[in-house]
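Input: a single structure, listed below in structure tokens.
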Amino acid sequence: MAAVRTRFAPSPTGYLHIGGMRTALFAWLYARHHGGVFVLRIEDTDRERSTQASVEVIMQGMSWIGLDYDEGPLFQSDRIDRYREVLDQLLEQGLAYRCYCSQEELDAVREEQRAQNIKPRYNRKCRDAKNPSRPGVEPVIRFRNPLEGPVVFEDLVRGRISISNDELDDLVIARADGTPTYNFAVVVDDIDMGITHVIRGDDHVNNTPRQANIFKALDAPLPVFAHVPMIVGADGQRLSKRHGAVSVMEYRDQGFLPEAMRNYLVRLGWSHGDQEIFSLEEMIEFFDLSRVNRAASAFDQDKLRWLNQHYIKEADGERLALLLCQRLRELEVSLEGGPQPAAVVEALRERAQTLDELVGKSLYFFQDVGEYDEGAAKKHLRPAAGPLLEDVRERFAGVDQWAPEVIHAQLHACVEAQGSKLGKVAQPLRVAVSGTAATPPIDETLALVGKQRTLQRIDAALAFIAARAGQDA
RNA sequence: GCUCCCUUCGUCUAGCGGUUAGGACGCCGGCCUCUCACGCCGGUAACAGGGGUUCGAUCCCCCUAGGGAGCGCCA
């Protein structure tokens with residue numbers, strides 16, 4: 001049995017789309033599962049729109065999510081000579097022909113056909129003309145598609161698909177400038193690269209019969225196809241910017257972990273029983289194209305966030321600390337005099353769904369509390385909290401070992417002495433020290449904030465309470 | 001318009017002729033508790049519609065509806 005060879009063949013005309021990333025994942029997993037070869041091919045025959053920058057974006061995206069390739073990146077633009085060679089061969093064999101029809105003529109024909117409610121198709125004017133050439137007109141090359149009979153191909157996710165040749169027309173395979181068009185270049189490439197399984201988005205199903213005919217014309221065996229469904233937005237419409245991020249790099253920037261993204265993507269349109277969490281190894285072991293769903297699936301940010309949180313909880317602490325520091329630096333937050341980033345990560349990791357959130361919740365450990373959260377201050381920094389804060393401040397001031405257990409003990413001593421409850425002092429403290437009403441356990445939080453900063457912030461809160469009392473009076 | 005494809009809770013999905021139609025996210029309760037979160041427990045919610053086939057259809061066939069894609073000298 002021939003080794004499996006799959007490929008990912010994006011066109012470098014912008015960002016790396018989430019749907020493209022998932023297609024790449026599936027193709028990669030299929031190859032890895034079968035111990036086969038995964039090829040990266042850049043489809044840049046459209047020189048107008050292709051850019052080097054997008055090539056880099058594609059490669060970054062793949063490496064971020066952990067997809068390596070065994071061959072490539074191969075560029076179609078490097079293979080122009082090869083396409084020309086095949087084109088000549090087809091011309092010579094009469095399997096393709098030159099077409100001199102002008103754009104205007106073609107448009108007119110199409111318009112006419114649309115008006116008659118029939119499928120717009122090339123009228124094959126030049127197909128059998130004895131001498132169609134016109135002076136001064138650079139011809140395009142068209143494929144001489146069979147006129148009748150069915151075209152059949154096997155699709156691992158959809159089963160056998162059959163279409164009649166009389167639905168197809170003689171597509172252009174080379175432009176007037178001699179460059180090959182997509183449907184032709186893919187076929188030549190897939191043949192030359194020995195691709196056994198063509199895994200791509202299902203927007204290509206309708207192209208497949210045309211391509212199948214070219215495979216036949218070239219006397220090459222048909223690969224197995226697998227058309228994976230599209231990813232749509234929450235509203236069921238084609239995914240676009242207005243649904244939020246569509247570029248994988250945006251998700252990285254928003255603080256998603258690559259393993260979360262990968263896990264989310266693999267489960268979108270594919271399943272292995274009820275399993276939701278997959279390590280890379282498990283994905284490779286279990287992945288199978290026949291388990292890929294046929295219907296389009298909606299991108300669900302909430303589920304992605306849930307997975308991301310799962311992986312944040314699981315991730316190596318040092319790695320997260322590094323990511324945290326990196327982001328704090330970008331925000332120009334100084335780590336000076338603050339707690340160990342790794343300790344902050346431990347305190348916060350199960351409270352954040354993204355790295356962005358983690359960073360947002362960690363700010364008060366590293367910099368002064370600016371404005372108090374309005375609701376929190378209103379509720380907790382009230383006159384009644386004054387005596388408690390004063391008492392606990394005094395106790396804290398006398399402490400040598402600034403550690404959670406010690407803080408905890410002092411808190412309880414205070415509560416007892418004041419005949420109060422823990423919440424009555426913890427909440428005001430929390431607001432004083434973080435500006436918000438939600439933080440990790442208070443003893444842990446205070447330990448991380450540090451003794452000096454805690455005392456200062458209690459003082460500031462006391463001042464705030466006093467000022468407010470003055471205002472009310 | 002023509003051709004092809006798709007259709008199970010709001011969402012991702014399991015199901016492969018006989019099930020109380022299962023899980024996950026979300027949502028709603030509850031427990032835990034100094035807040036938030038985690039965790040745990042419980043709940044809400046689906047076979048697009050109509051015909052067949054069959055003793056029996058979510059599952060097989062047909063039709064309808066809805067959605068998507070293609071019909072380029074884009075990929």
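First the proteins, then the strands, lettered A, B, ... as listed; each starts at 1.
Between A/E85 and A/R82, at least one side-chain N (NZ, or NE/NH1/NH2) sits under 4.0 Å from a carboxylate O, which counts as a salt bridge. Salt-bridge check for A/D356 with A/R327: passed, with a basic side-chain N closer than 4.0 Å to an acidic carboxylate O.
Contact annotation: A/S297 reaches the phosphate of B/rU13 (side-chain N/O to OP1 or OP2, under 4.0 Å). For B/rC38, the OP1/OP2 oxygens have a side-chain nitrogen or oxygen of A/Q309 closer than 4.0 Å. For A/K379 and B/rU35, the shortest distance from a side-chain N or O to OP1 or OP2 is not below 4.0 Å. Between A/R238 and the phosphate of B/rA69, there is a side-chain N or O to OP1/OP2 separation shorter than 4.0 Å.
Checked against B/rG23, B/rC34, B/rG26, the side chain of A/D302 finds its nearest nucleotide in B/rG26. Between B/rG72, B/rA14, B/rG70, one nucleotide has an atom nearer to the side chain of A/R110 than all others, and that is B/rG72. You'll find that the side chain of A/R294 is closest to B/rC6, out of B/rC4, B/rC36, B/rC6. Listed nucleotides: B/rC34, B/rC73, B/rC6. Nearest to the side chain of A/Q103: B/rC73. Nearest to the side chain of A/K303, among B/rC25, B/rG72, B/rC34, sits B/rC25. For A/E350, the listed nucleotide lying nearest its side chain is B/rC38; candidates were B/rC38, B/rA75, B/rU3.
Residues satisfying the ring pair (Phe, Tyr, Trp, His ring centres under 6.0 Å) test with A/F464, not counting sequence neighbours, are A/Y372.
The side chain to side chain donor-acceptor pair (under 3.5 Å) test with A/Y83 is passed by exactly one of A/T181, A/D88, A/T179, A/D189: A/D189.
Taking a 4.0 Å limit (strictly below) on heavy-atom distances, residues 384-396 of chain A does not reach RNA chain B anywhere.
Look at CZ on A/R210: it is 10 Å from C1' on B/rG72, rounded to the nearest Å. Between the CD1 atom of A/I58 and the P atom of B/rA75 there is a distance of 14 Å, rounded to whole Å.
Nearer the 5' end of RNA chain B, as judged by each residue's closest nucleotide, is the contact made by A/R158, out of A/R158 and A/T181. The residue among A/C99 and A/P440 whose nearest nucleotide of RNA chain B lies closer to the 5′ end is A/P440.
Distance alone, capped at 3.5 Å, is enough to place a donor-acceptor pair between the A/T445 side chain and the A/P440 backbone.
A cation-pi arrangement, defined by a distance under 6.0 Å to the six-membered ring centre and an angle within 45 degrees of its axis, is absent between A/R200 and A/F225.
With P as the reference atom, B/rA24 and B/rC41 are 10 Å apart, rounded to whole Å.
You'll find the ring centres of A/F184 and A/F143 outside the 6.0 Å limit.
B/rU53 is unpaired under the Watson-Crick or G-U wobble criterion, no partner having all donor-acceptor distances under 3.5 Å.
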